[in-house]
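For reference, the structure is listed below as structure tokens.
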Amino acid sequence: MGLEETISANIKKAQNLREQGIEPYPIRTPETRAIAEVKTRFEENPLDDVVGVAGRLTGRRAHGKVAFGDIQDETGKIQLFMRSQEIGPEGMDLFNGLDLGDWVWARGPVVRTRRGEISVDVRELVLLSKSLRPFPDKWKGIADPEIRYRQRYVDLMVNPSVKQVFRKRATVIDSLRELLQQRGFLEVETPALQPLYGGAAARPFVTHHHVLDSTLYLRIALELHLKRLLVGGLRRVFEIGKCFRNEGMDRLHNPEFTLLEAYEAFSDSEGMMSLTEDLIRAAALAACGRLDIEYQGTPIDLGAQFECLSMIPTLSERLSLDPMTAPLDDLAHACHVRGVEEIPEKADRTWFIDRLFSVAVEPELVQPTFVTGHPLDMSPLAKSGEDDPERASRFELFVAGRELVNGYSELNDPVKQRERLLRQRRNETFEEHLVDEDFLRALEYGMPPAGGLGLGVDRLVMLLTDQQSIQDVILFPQMRPEAEKAKGDVPLVGIDASALVPIHVDQMRRA
RNA sequence: GGGGGCGUAGCUCAGUUGGCAGAGCAGCAGACUUUUAAUCUGACGGUCGCAGGUUCGAUUCCUGCCGCCCUCACCA
């Protein structure tokens with residue numbers, strides 16, 4: 001039977017049940033216990049406990065007058081033991097008419113079958129929700145990454161490890177939030193829709209507000225609003241939120257991603273480095289229960305003192321030339337040697353340093369490593385360092401060859417800030433990037449000296465769940481829209497299309 | 001955007017050096033009173049991603065397109 005036939009056959013099954021007085025999509029679920037809890041309780045104390053459980057049917061083994069089924073809820077799986085003598089022929093018929101994927105509720109004493117499987121000896125069976133689509137292969141599950149990402153619900157129902165990843169994701173975020181709150185950071189929410197974007201160099205998503213008749217952008221970073229709050233007198237603030245960058249997608253980049261940014265008045269880059277270590281360790285302990293973890297087969301020790309490298313001397317040593325003084329031709333040559341094919345017209349010293357560092361040094365920063373002392377014009381929102389005015393008081397944390405955290409002593413001199421933003425603006429290649437005058441106005445009221453950090457939450461989750469693609473830690477990663485005639489899609493089977501009244505766009509808007 | 005790989009039944013995958021399209025699971029019909037990837041019997045299920053081209057004949061070869069994955073580029 002093909003897909004369409006299967007679906008219409010299942011719609012018919014549901015109709016038949018209705019005719020027999022069985023509602024295939026009832027409102028109420030009788031009292032239900034978590035499957036994992038039922039099993040552990042039985043193991044501790046195998047009383048003849050009668051329980052109600054609810055879950056999705058994931059397996060069925062029928063033997064005539066006896067049958068077995070597996071149901072699965074979020075906590076685990078338990079076997080249903082169906083006996084004609086207990087539940088009657090109608091009960092057996094109902095059970096045998098179920099499809100894998102159906103949600104059911106069952107009640108009965110918990111028992112152990114002859115083969116030792118903890119089971120519910122079913123005395124009452126209720127269909128909770130009829131599934132119309134065929135259930136994926138019970139043994140192999142879903143392997144096609146396209147289905148896994150586009151139809152995460154299917155991935156989740158058959159691939160148990162996926163659920164684990166997203167549980168850990170929640171644990172990681174909880175632990176970050178908890179630690180910051182313990183330290184007196186106030187969690188805030190700032191606008192995601194903004195008339196101006198800033199705080200990073202990235203191309204924004206652009207949208208339009210009808211009533212205001214104005215262009216709005218989705219934020220590319222949280223920074224500029226959080227700093228306004230420091231101006232307002234909030235001493236410690238943080239936000240965990242989605243940011244949006246209209247750039248390429250790959251295993252480390254999704255157009256929308258989750259950023260944690262935290263700002264602390266009277267702190268600085270060094271204070272933020274220490275906070276970074278604490279955050280990473282708290283998250284690791286919460287998610288993995290340990291600090292010595294493994295990522296893609298490589299042991300990573302988050303417990304040891306994080307190494308600290310100065311960007312320019314490290315690069316200089318690696319290239320055997322001083323990137324701050326060497327002729328640009330030499331830097332271009334170094335790029336070619338390392339397989340960097342294209343060098344843009346606009347490439348200046350900063351570009352070369354950034355690029356060379358990322359190809360020559362970053363991949364080797366496997367153990368947690370702070371990189372400090374970035375060139376100042378790579379860091380327009382950071383203060384310059386005390387020793388060298390051309391270097392920023394800034395750090396980036398790399399783990400497993402990737403940037404995880406970026407932080408600095410926040411620039412609070414409004415005059416310098418304006419200068420640096422204007423200089424930055426001249427370098428912009430894409431659209432006109434307006435300077436955020438309100439941000440500068442805020443600084444002009446006086447922002448206390450402060451440290452700030454930004455942490456890529458998705459990447460941290462990747463590290464702690466040992467996933468190699470950002471798509472594996474985002475429930476619904478961005479994909480190209482499905483074609484009109486989508487894979488596995490079928491027309492409205494079993495539905496009288498004439499009953500569907502078209503709705504006007506105007507009406508939808510009002511709704 | 002460049003390069004590489006992949007796309008076959010609802011799912012997981014074989015296969016065709018160009019000649020009637022295959023399996024397991026699921027689904028359908030039946031048998032079965034302790035199974036757990038149950039077993040057994042039977043029938044069904046395909047626009048071989050889409051569109052062109054070459055050919056007596058294309059799922060197979062060629063071109064273009066679509067989608068996914070990898071990689072490079074872009075990306076503070």
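The sequence lines fix the lettering, A, B, ..., with proteins before strands; numbering per chain opens at 1. Here the structure is a predicted model, which means the values were calculated and not measured.
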(request) Provide, to the nearest angstrom, the distance between the CD atom belonging to A:Glu4 and the P atom belonging to B:rG27. (result)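 Spelled out: CD on A:Glu4 to P on B:rG27 is 19 Å.
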Kindly say whether, by distance alone, the side chain of [X] makes a donor-acceptor pair under 3.5 Å with the base of [N]?
X: A:Asp137; N: B:rG24; answer: yes
X: A:Thr113; N: B:rU35; answer: yes
X: A:Glu117; N: B:rU34; answer: no

(message) Would the distance check show the side chain of A:Arg133 and the main-chain N or O of A:Leu3 forming a donor-acceptor pair, the cut-off being under 3.5 Å?
(response)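 A pair under 3.5 Å: no.
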(message) Whether the side chain of A:Arg33 engages the backbone of A:Val38 through a donor-acceptor N/O pair (distance < 3.5 Å, no angle test) should be reported.
(response)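 A pair under 3.5 Å: no.
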(message) Between A:Val66 and A:Leu100, which residue's closest nucleotide on RNA chain B lies nearer the 5′ terminus?
(response)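 In this pair, the answer is A:Leu100.
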(message) Can you list every stem that RNA chain B is part of, counting only runs of 3 or more consecutive Watson-Crick or G-U wobble pairs with both distances under 3.5 Å?
(response)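 Stem segments, range with range: B:1-7 with B:66-72, B:10-13 with B:22-25, B:28-31 with B:39-42, B:49-53 with B:61-65.
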If the threshold is 4.0 Å, N to carboxylate O, is there a salt bridge linking [X] and [Y]?
X: A:Arg56; Y: A:Glu74; value: no
X: A:Arg148; Y: A:Asp472; value: yes
X: A:Asp388; Y: A:Arg391; value: yes
X: A:Asp436; Y: A:Arg228; value: yes
X: A:Arg123; Y: A:Glu86; value: yes

For a quick check of understanding: with a heavy-atom distance under 4.0 Å over all strands, which category does [X] fall into, base, sugar-phosphate or nothing?
X: A:Lys77; value: nothing
X: A:Lys140; value: sugar-phosphate
X: A:Arg480; value: sugar-phosphate
X: A:Gln471; value: sugar-phosphate
X: A:Arg148; value: nothing
X: A:Arg150; value: sugar-phosphate
X: A:His374; value: nothing
X: A:Gly59; value: nothing
X: A:Phe81; value: base
X: A:Arg112; value: nothing

Listing time: all N or O pairs from protein to nucleotides 39-44 of chain B that are below 3.5 Å?
| unit_1 | atom_1 | unit_2 | atom_2 | d |
| --- | --- | --- | --- | --- |
| B:rC44 | O2 | A:Met1 | N | 2.7 |

Shortest side-chain distance from [X], nucleotide among [options]:
X: A:Asp99; options: B:rG27, B:rU35, B:rA37; result: B:rG27
X: A:Arg61; options: B:rG27, B:rA38, B:rU12; result: B:rA38
X: A:Glu247; options: B:rC11, B:rC75, B:rA76; result: B:rC75
X: A:Arg251; options: B:rC11, B:rC74, B:rU71; result: B:rU71
X: A:Pro136; options: B:rC25, B:rC11, B:rU34; result: B:rC11
X: A:Phe68; options: B:rU34, B:rC74, B:rU12; result: B:rU34

(message) Is it true that A:Asn406 and A:Arg394 share a donor-acceptor pair across their side chains at a distance under 3.5 Å?
(response)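 Yes.
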(message) Angle between ring planes, A:Phe68 versus A:Phe81, binned at 30° and 60°: parallel, tilted or perpendicular?
(response)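 Judged by the thresholds at 30° and 60°, the geometry between A:Phe68 and A:Phe81 is parallel.
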Expected list for residues 157-165 of chain A: side-chain donor-acceptor pairs under 3.5 angstrom, two or more places apart:
| unit_1 | atom_1 | unit_2 | atom_2 | d |
| --- | --- | --- | --- | --- |
| A:Asn159 | ND2 | A:Ile142 | O | 3.2 |
| A:Asn159 | ND2 | A:Asp155 | OD1 | 2.6 |
| A:Gln164 | OE1 | A:Arg167 | NH1 | 2.8 |

